[in-house]
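A short worksheet on the structure shown next.
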Amino acid sequence: MYDLNPKQKEALNYSEGPMLVFAGAGSGKTRLIAHKFIHLTKVKKLSHDSIFTVTFTNKAADEMKERISRLIEKDINGAWIGTFHSQCSRILRKEIKVLGYNNNFTIYDEDDQYNLVRHILKEFKIYEALYKGIVTRISFLKSSLISPQDFLSTGDGFGFDEKLAKVYVRYQDELKRCNALDFDDLIMLTVKLFKEYRDILEMYQNKFQYILVDEFQDTNFAQYHLLKLLASGHKNICVVGDDDQSIYKFRGANINNIYNFEKDFTGTKIIKLEQNYRCTQHILDVSGAVISRNSKRKNKNLWTEKGRGEKVQFCWFNTYEDEAKYIARVIKEYYLKGTNSYRDFAVFYRVNLQARVLEDALRDNGIPYRIVGGISFYQRKEIKDIIAFMRLALNHGDNVSFRRIINIPHRGIGSATISKIEHEARKKSLSLFDALKLSLKGESFAPAVKEKLTEFVNMIDTFSATKYKSAGDMLEHIYEITGLSEFFEEERKNNIEDLISSSNNKDIKDFIDRISLITNMDEPCNTDCVSLMTLHNAKGLEFPVVFITGLEEGVLPYCKALNNEEEIAEERRLFYVGMTRAKDILWLTGARKRKLYAKLQEQEPSRFLKDVPKECCKWMEKISFNHPIQISTIKQKIKIAENFTIYTTGCRVKHPSWGIGVVRDCYGDGDDAKVMVNFPNIGIKRLAVRFANLEKI
DNA sequence: AAAACTCCTCTTTTT
DNA sequence: GAGGAGTTTT
């Protein structure tokens with residue numbers, strides 16, 4: 001009834017006890033989860049809010065909710081479908097008081113973490129530029145559930161980082177003082193809550209009769225621990241993932257979670273979904289051959305009913321500019337041929353700086369494009385500024401926001417005044433805001449400064465006291481009163497106005513939570529354009545035609561990820577994720593010379609190309625852009641393909657004597673390229689491109 | 001408080 | 001080679 005394949009059905013029907021689903025790329029795992037949710041409610045009669053469903057991103061959660069409610073034609077408001085972070089914040093908003101926080105806590109994002117750590121480093125007189133590394137390390141500790149106290153107590157060993165420990169202790173203290181939680185706290189404190197308050201844990205264990213986890217390969221230690229706590233009673237947990245698509249190790253994702261699952265949950269049912277609904281067999285063969293070189297992985301054998309499809313194209317250029325120009329021309333050719341619209345194409349790259357040259361090339365060819373990912377809306381300075389007013393009004397303890405806006409817009413409050421307030425706050429153990437308020441009663445400030453400060457305090461108090469109808473109302477009020485509406489230049493003002501209109505008639509607390517947890521606002525692309533993105537951003541997407549660029553040593557794999565086998569394995573997975581996004585046609589490209597940062601470098605072809613089975617590929621090398629010369633590469637002689645004329649199945653050609661026909665198949669490389677063309681009235685002809693004098697139309 | 005200057009960094013990134 | 005941040009100069 002659900003139109004699922006046998007393996008998917010098996011996974012659907014197994015609903016007592018732990019299950020691990022290895023879901024290969026394109027094997028319909030999101031579909032499985034949606035159906036499983038419905039199955040649990042319909043057949044097992046579970047209520048919508050008794051299934052704890054975790055997705056990797058908020059976007060995925062929204063899509064999941066939408067998908068489910070469309071399938072059952074019912075609203076599922078109140079269902080527990082979300083990311084680990086949003087689920088945890090929902091729990092903590094209810095329960096956190098027992099841990100000594102107030103439940104109107106503020107959620108700090110990475111930027112706030114940076115600010116706080118920098119502030120602490122300044123105070124400790126530690127070299128401030130270390131802040132990024134320190135935030136990363138603190139985050140790693142927290143996602144391993146190592147509290148400052150734990151870290152200190154392990155600290156007598158060799159190589160212990162005294163400074164880090166000191167900063168970590170202080171950082172965690174400051175967060176609490178601010179009544180703020182960072183992303184890792186959301187998980188760590190929920191675990192703490194469940195460990196220390198068994199009755200609360202039991203309540204949630206009973207509440208959540210079933211646990212569904214998507215993208216399990218990207219969970220970290222703390223998240224997995226949380227799942228184990230929640231599932232330890234009934235053990236009704238189904239995790240779905242693909243170890244080959246684990247690409248977030250640098251963010252704490254622990255691929256071992258997926259390998260340990262069956263040890264941690266005895267009697268785990270394991271199901272492999274190996275039927276792929278996306279790619280052609282050629283693409284599966286190539287990507288499969290590459291990924292099979294990783295040693296530590298569950299073996300899979302992906303297959304498809306789609307047929308072999310076109311061969312994978314590999315193209316090696318003289319320079320990175322040639323690479324970009326060629327890609328633009330190829331896209332244009334496909335487009336003009338009429339087989340594809342622009343939205344069918346995606347170009348992937350390892351690092352963002354590769355986008356620039358691609359953009360130029362596309363623009364020169366008049367090809368519309370969009371960049372997926374990139375700087376997120378909510379990270380913009382002006383957005384963070386106005387939100388800081390909102391946060392401080394709702395949580396007077398939020399020192400990070402206080403420091404951010406005390407002199408925005410400029411009201412003549414300099415570092416001397418701020419240190420006075422900091423000092424006072426420390427002395428009286430108050431928040432900066434409350435310390436300031438108290439100081440204003442005394443005579444510690446010059447009259448002019450005092451006036452400005454009083455104005456500031458009154459303003460924030462007004463925002464706190466006013467009962468707003470919606471987040472939009474509040475922001476609009478702030479926007480006017482603060483003078484931000486005059487402070488920023490045009491573009492920033494527009495962004496703020498966009499924010500205000502998007503927050504109209506939204507509940508203030510929901511809105512704050514949402515923007516704290518949602519970091520990007522990628523609206524769906526309505527116009528017909530080519531998508532450019534990093535390989536990381538490509539995860540979960542699919543396109544008919546995919547280009548993966550920069551297949552060079554130092555780019556893919558990236559030069560900073562060559563330190564050990566593990567890192568290279570992750571780069572290989574990244575490449576794998578990219579390849580398996582392609583439905584029909586996959587192009588792999590690279591260039592001999594590439595400009596990275598300021599210097600032009602000589603590049604070698606990527607080591608991953610050695611694993612690509614030759615028979616699945618068309619290889620060509622274009623050393624000189626318009627005058628190809630023969631040269632050998634990748635351990636074999638490669639003939640150069642005809643100059644920019646690409647024949648693909650489905651394209652129409654004109655032959656001097658047989659007229660117009662449709663290409664049915666193409667094979668062979670360079671001078672040996674042959675095509676099979678179906679000419680109406682004449683029939684199918686096999687032709688060598690070199691001799692046939694074909695004209696593409 | 002703006003302008004001019006130097007220094008630094010520059011993987012990937014969602015929450 | 002560019003953007004950001006911090007510092008010094010005006």
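It should be emphasised that the depicted structure is a prediction, and the values quoted were computed from it without experimental measurement. To find a chain, count down the sequence lines: A is the first, B the second, and so on, and within it residues start at 1.
Taking atom CG on D112(A) and atom C1' on dT14(B), their separation rounds to 15 Å, with Å as the unit. Taking atom OH of residue Y349(A) and atom C1' of nucleotide dT11(B), one finds them 13 Å apart after rounding to whole Å. Put simply, CD on E553(A) is 18 Å from P on dT11(B), counting in whole angstrom units. In this structure, F348(A) atom CZ and dT11(B) atom C1' are separated by 18 Å, rounded to whole Å. For the pair E110(A) CD and dT13(B) C1', the computed distance is 8 Å after rounding to whole Å.
Residues I76(A) and K65(A) approach most closely at CD1-O, 3.7 Å, considering heavy atoms. In this structure, R93(A) and N104(A) approach most closely via the heavy-atom pair NH1-C, 3.5 Å. The heavy-atom pair separating C88(A) from L226(A) by the smallest distance is SG-CD2, 3.6 Å.
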Report, one pair per line, the protein and nucleotides 2-6 of chain C atoms (nitrogen or oxygen only) whose separation is under 3.5 Å.
unit_1: dA5(C); atom_1: O3'; unit_2: R118(A); atom_2: NH2; d: 3.1
unit_1: dG6(C); atom_1: OP1; unit_2: R118(A); atom_2: NH2; d: 2.3

Report, one pair per line, the protein and nucleotides 8-10 of chain C atoms (nitrogen or oxygen only) whose separation is under 3.5 Å.
none

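N407(A) pairs by the side chain to side chain donor-acceptor pair (under 3.5 Å) definition with nothing, not counting sequence neighbours. Residues satisfying the ring-ring contact (aromatic ring centres under 6.0 Å, His included) criterion with F547(A), sequence neighbours excluded, are W587(A). Every residue was checked against the ring-ring contact (aromatic ring centres under 6.0 Å, His included) condition with Y576(A), not counting sequence neighbours, and none meets it. Residues forming a ring-ring contact (aromatic ring centres under 6.0 Å, His included) with H536(A) (at least two apart in sequence, or on another chain): Y248(A), F250(A). N399(A) meets the side chain to side chain donor-acceptor pair (under 3.5 Å) test with no other residue; sequence neighbours excluded. For the side chain to side chain donor-acceptor pair (under 3.5 Å) test, residues two or more places apart in sequence or in another chain that qualify with K381(A) are D385(A). Taking the ring-ring contact (aromatic ring centres under 6.0 Å, His included) definition, one finds that Y224(A) meets it with F216(A), sequence neighbours left out.
Here the nucleotide nearest the side chain of R251(A), chosen from dT14(B), dT11(B), dG1(C), is dT14(B).
With Y101(A) as the aromatic partner, K176(A) meets the cation-pi criteria of under 6.0 angstrom to the ring centre and within 45 degrees of the ring axis.
Taking every heavy atom of residues 218-229 of chain A and every atom of DNA chain B, no pair lies under 4.0 Å.
Look at R363(A) and D360(A) and you find a salt bridge, because one of the NZ, NE, NH1 or NH2 atoms lies within 4.0 Å of a carboxylate O, short of that distance.
Between Y131(A) and Y114(A), the two ring planes are perpendicular [angle over 60°; tilted spans 30° to 60°].
Considering only side-chain N and O atoms, T83(A) lies nowhere under 4.0 angstrom from the phosphate OP1 or OP2 of dT14(B).
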- Message: I'd like to compare against my own output: the B/S/- annotation of nucleotides 2-10 of chain B with a strict under-4.0 Å heavy-atom distance to protein.
- Response: S-------B
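Pairing analysis of DNA chain B (Watson-Crick: purine N1 to pyrimidine N3 plus N6-O4 or O6-N4; G-U wobble: N1-O2 and O6-N3; both under 3.5 Å) yields stems of 3 or more pairs at B:1-10 with C:1-10.
Ring centroid separation for the pair F543(A) and F345(A) does not come in under the 6.0 Å cut-off.
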